Amino acid sequence: MASTGNEQLSRDWALAQDQEDPLSRFREQFHIPSQGDLHRPTLASSTSEPPSTPSIYLCGNSLGLQPRRTASLINTFLTQWRTKGVKGHFVPHSDSPLPPFLHIDDAAASLMAPLVGALPSEVAVMGTLTGNLHLLLSSFYRPSLDKSGRYKILLEGKAFPSDHFAIESQIAHWGLDPAKAMVLLEPRDPEVPVLETEEICRTIDAHKDELALVLLPGIQFYTGQYFDMQTITRYAHERGVLVGWDCAHAAGNVELKLHEWDVDFAAWCTYKYMNSGPGAMAALFVHERFGKVDMDGEGRLYHPRLSGWWGDDKSGRFAMTNKFNPRPGAAGFQLSNPSALDLAAVLSSLQIFNETTMAELRARSLRLTHFLEALLDNMTKNGRDDFTIITPRNPEARGAQISIRLKPGLLDPVLEYLDEKGAIIDERKPDVIRVAPAPLYNTFADVWDFCEIFRQACDRALRR
């Protein structure tokens with residue numbers, strides 16, 4: 001592929017990087033689907049089926065791959081449940097890597113916290129992403145109903161649909177008009193669909209006396225843009241506006257510092273870069289200042305939230321007094337008994353993350369995406385004009401994802417060829433593909449091989 005003579009664009013160079021990088025060892029801890037696995041109409045392979053080469057899986061931004069240890073931890077849970085029944089909630093076992101069911105959510109929160117730059121007390125592993133967003137909005141969105149004060153929410157015009165729906169319905173729940181209460185950020189140039197920090201800050205200023213809340217994604221799902229979370233949070237706070245972040249595409253992808261950046265609240269899923277399985281249990285962050293529980297003469301004072309028994313103080317949870325005594329921190333925002341089966345899968349991935357650091361993973365990710373960008377740019381330098389990169393070119397302003405916009409009519413034939421050759425990516429109609437080298441299991445060779453197949457796919461599509 002590298003026709004420029006630049007050694008750093010060759011497959012040999014890619015293989016050398018994989019050989020030298022100590023983080024390459026993590027790839028062996030994941031199941032990489034083979035091309036035969038992907039195209040076979042059955043789960044089981046035939047004994048006569050020849051060995052198949054691994055797929056080029058660059059779709060961790062949509063669904064992460066399964067860690068090899070997941071099956072073992074789930075089987076441990078099943079054994080714990082099978083042999084102990086209800087006692088599995090309370091009895092620790094010297095030969096089990098899992099805590100009793102009663103404490104498994106706390107164990108997950110402790111492992112999750114360093115991945116998002118939080119105190120363990122600021123994280124709860126619970127629920128689902130949109131459900132958690134609703135819980136957090138019910139707590140942090142307290143609008144002025146007569147519109148004399150703050151009642152608007154700032155979000156992006158191309159927010160992930162579930163976020164848009166959640167905000168819209170929360171506004172309507174208060175009896176307000178979403179069309180008037182939603183402030184939508186739009187890029188200045190639709191051909192370059194990024195939202196500059198300066199423009200976001202100007203919009204905050206334009207609505208500062210009416211804004212109750214800013215809710216933005218840490219990383220934008222369509223373009224892969226990484227927002228300047230620290231600057232935006234500080235700017236909004238200086239104008240008295242609360243700030244929440246949807247970190248679905250940021251958690252496990254970039255180095256977050258939610259506590260240090262003074263973020264008010266955040267939510268994320270765990271099935272993308274965190275590799276916990278489809279629809280796996282999500283997580284949320286609540287800054288410690290909102291998790292305080294203070295005693296007074298009448299009882300306890302705490303930040304308002306929807307409540308459930310799993311947010312009740314653990315020491316008296318089974319006393320059944322119906323007097324809510326909230327746990328301090330994000331744990332007090334929990335509602336229901338979490339699925340220990342689900343949490344076993346979450347823990348299997350969190351254990352791997354805790355064998356390295358997000359700083360190390362981010363450094364590897366920057367190198368992988370730079371290599372991907374360089375290979376794509378090399379194609380355009382050699383005369384290709386059938387695609388453009390819409391992800392920010394500044395490496396610090398993007399995560400592990402590069403979004404590529406194809407010329408009209410190319411998407412379907414390109415996708416067909418990529419799939420045929422075992423290159424798995426994600427698309428957003430009508431013309432964008434999203435390519436995401438996940439630093440835990442993707443390689444420089446994966447990136448090189450994808451670009452070669454992508455070049456062939458574009459060539460074939462143009463010949464049709």
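The structure displayed is predicted, hence computed values, not measured ones.
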Side-chain polar contacts of residues 126-134 - donor-acceptor pairs under 3.5 angstrom, sequence neighbours left out - could you list them?
{"residue": "Thr130", "atom": "OG1", "partner": "Ser162", "partner atom": "OG", "Å": "2.4"}
{"residue": "Asn132", "atom": "ND2", "partner": "Met126", "partner atom": "O", "Å": "2.9"}
{"residue": "Asn132", "atom": "ND2", "partner": "Thr128", "partner atom": "O", "Å": "3.4"}
{"residue": "His134", "atom": "ND1", "partner": "Gln170", "partner atom": "NE2", "Å": "2.9"}

Tell me the closest heavy-atom pair linking Leu213 and Val243, and the distance in Å. CD1-N, 4.3 Å
Main chain of Gly399, side chain of Asn253: is a donor-acceptor contact present, judged purely on distance under 3.5 Å? no
Tell me the closest heavy-atom pair linking Val293 and Pro326, and the distance in Å. CG2-O, 3.8 Å
Lys429 vs Asp412, salt bridge (Lys or Arg N to Asp or Glu O under 4.0 Å): CA-CA, chis, key distance, verdict: CA-CA 9 Å; Lys429 294 186 182 301; Asp412 287 342; 3.4 Å; yes
Tell me whether the centres of the aromatic rings in Phe90 and Phe101 are closer together than 6.0 Å. no
Quick one: list whatever passes side chain to side chain donor-acceptor pair (under 3.5 Å) with Arg367, sequence neighbours left out. Gln17
Run Glu122 and Lys292 through salt bridge (Lys or Arg N to Asp or Glu O under 4.0 Å) and show every step you take. CA-CA 10 Å; Glu122 293 176 318; Lys292 293 179 180 177; over 6 Å; no
Full working for side-chain hydrogen bond (donor to acceptor under 3.5 Å, both in side chains) between Thr380 and Asn378: CA-CA 5 Å; Thr380 60; Asn378 190 50; over 6 Å; no
Over all heavy atoms of both residues, which pair between Arg239 and Asp205 is shortest? Give the atoms and the distance, please. NE-OD1, 2.5 Å
Taking the side chain as every heavy atom from C-beta outward, state whether Trp245 and Phe285 have any atom pair closer than 4.5 Å. no
Residue pair Val192 / Pro187, side-chain heavy-atom distance below 4.5 Å: no
Ion pair Asp106/Arg327, N-O distance below 4.0 Å: yes
Filter on ring pair (Phe, Tyr, Trp, His ring centres under 6.0 Å), then keep only pairs touching residues 249-281, sequence neighbours left out; what's left? Phe140-Phe265, His259-His287
Among all residues two or more places apart in sequence or in another chain, which pass the side-chain contact (heavy atoms from CB on, under 4.5 Å) test with Pro178? Glu168, Ile171, Ala172, Met182
When you look at NZ of Lys87, are more than 12 heavy atoms from neighbouring residues, nucleotides or ligands closer to it than 6.0 Å? no
Asn354 and Pro114, any side-chain heavy atoms less than 4.5 Å apart: yes
Look at the side chain of Arg398 and the backbone N and O of Pro392, then say whether any donor-acceptor pair between them is shorter than 3.5 Å. yes
Counting C-beta onward and ignoring hydrogens, is there a side-chain heavy-atom pair between Gln220 and Leu195 closer than 4.5 Å? no
Closest contact, heavy atoms only, Phe324 versus Gly308: CE1-O, 3.6 Å
Can you name the salt bridge (Lys or Arg N to Asp or Glu O under 4.0 Å) partners of Arg289, sequence neighbours left out? Asp262, Asp264
Any side-chain heavy atom of Ile424 sitting closer than 4.5 Å to one from Asp419? yes
Between Arg305 and Tyr302, is NZ or CZ placed under 6.0 angstrom from the six-membered ring centre and within 45° of the ring axis? no
Between Asp385 and Lys407 (salt bridge meaning N to carboxylate O under 4.0 Å), is one present in this structure? yes
Could you give all pairs that pass the ring pair (Phe, Tyr, Trp, His ring centres under 6.0 Å) test and reach residues 337-381, with sequence neighbours left out? Trp13-Phe371, Phe371-Phe444
Look at the side chain of Tyr57 and the backbone N and O of Tyr441, then say whether any donor-acceptor pair between them is shorter than 3.5 Å. no
Close side-chain approach of Asp446 to Pro437, heavy-atom, < 4.5 Å: no
